[in-house]
Amino acid sequence: ILGLLTIPFSIGHANKGDPSVMLALELSWFSCARERRPLALFLFAPDYFDVYLETFGRVAADSCLRMLARAVGAAFRRASDVAARLEDAEFAALGTNMPAEALEGHAQRVCERVHALAIRNPHAPLNRTLTVSAVVMVARPGRAPGWRGMLAAAREELAACQAAGIEQVALKNYGEG
């Protein structure tokens, strides 16, 4: 079922806020709880995207977001993976049963892939190319409060990462402790 819910990135704004993304997260949550498997939520957001938008305008920003979406989507290709654009400049991917030791490195490789695109962001304060920051939130759905709280916690952590600098990657456990 989850493979059918993969949202295509090439359609620009059409999937922004798409309710099927939340349905995929909810289905993944309950499936992992039932099967006692870990669930990893990856969130990615471009650093200083507001500066990019102000410099180049909405048309160029939409094109940039499509390039970022392809870079993120290409990294999550297993049948069980779900990747989508959540908000204007926020991308998410779900991975089930991924090895814990590979999660942070996987997110880092996505950030490196975006950096390698060499998208200019000439007025950004810390780097002249567009970068992304990432958060990987890991949960054991049978033991953690709920997927909505996980998404909120991941967004909070992503904001903190972006406040700390560029190309930040954080790995956090949700609902344990």
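What you are looking at is a predicted structure, and each value in this text was computed from that prediction instead of being measured.
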Would Phe30 and Glu26 count as a side chain to side chain contact (heavy atoms under 4.5 Å, CB included) here? Give the steps. CA-CA 6 Å; Phe30 290 119; Glu26 188 163 6; 3.3 Å; yes
Is [Y] close to [X] at the side-chain level, that is, under 4.5 Å between some pair of heavy atoms?
X      : Y     : value
Trp147 : Ser28 : no
Pro46  : Leu68 : yes
Met137 : Leu43 : no
Ser31  : Arg37 : yes

More than 12 foreign heavy atoms under 6.0 Å from [atom1] of [X]: is that the case here?
X      : atom1 : answer
Arg128 : CZ    : yes
Glu35  : CD    : yes
Glu54  : CD    : no

Distance check, rounded to the nearest 0.5 Å: [X] atom [atom1] versus [Y] atom [atom2]?
X      : Y      : atom1 : atom2 : result
Tyr48  : Leu126 : OH    : CG    : 4.0 Å
Leu41  : Met150 : CG    : CE    : 4.5 Å
Ser80  : Asn97  : OG    : CG    : 8.0 Å
Thr129 : Asn121 : OG1   : CG    : 8.0 Å
Asp88  : Leu65  : CG    : CG    : 6.0 Å
Gln168 : Leu158 : CD    : CG    : 10.5 Å

Ring-plane angle category for Phe42 and Phe44, please: parallel below 30°, perpendicular beyond 60°, tilted otherwise. parallel
So which atom in [X] and which in [Y] form the shortest heavy-atom distance, rounded to 0.1 Å?
X      : Y      : result
Gly165 : Ser133 : O-OG, 4.1 Å
Tyr52  : Ala61  : CE2-CA, 3.8 Å
Trp29  : Pro145 : CZ2-C, 4.4 Å
Ala124 : Val51  : N-CG1, 3.7 Å

Residues Met22, Leu151; criterion side chain to side chain contact (heavy atoms under 4.5 Å, CB included); working and verdict: CA-CA 10 Å; Met22 297 305 155; Leu151 179 59; 3.9 Å; yes
Considering only NZ, NE, NH1 and NH2 on the basic side and carboxylate oxygens on the acidic side, decide whether Arg58 and Asp62 come within less than 4.0 Å. yes
Would a single hydrophobic cluster contain both Phe49 and Val72, if residues Ile, Leu, Val, Met, Phe, Trp and Tyr are joined by side-chain heavy-atom contacts under 4.5 Å?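 Yes: a chain of side-chain contacts under 4.5 Å links Val72 to Phe49.
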Identify each donor-acceptor pair in which a side-chain atom of residues 106-116 lies under 3.5 Å from a protein atom, sequence neighbours left out, and give them as a table.
residue, atom, partner, partner atom, Å
His106, NE2, Ala75, O, 2.9
Arg109, NH1, Gly105, O, 3.2
His115, ND1, Glu167, OE2, 3.4

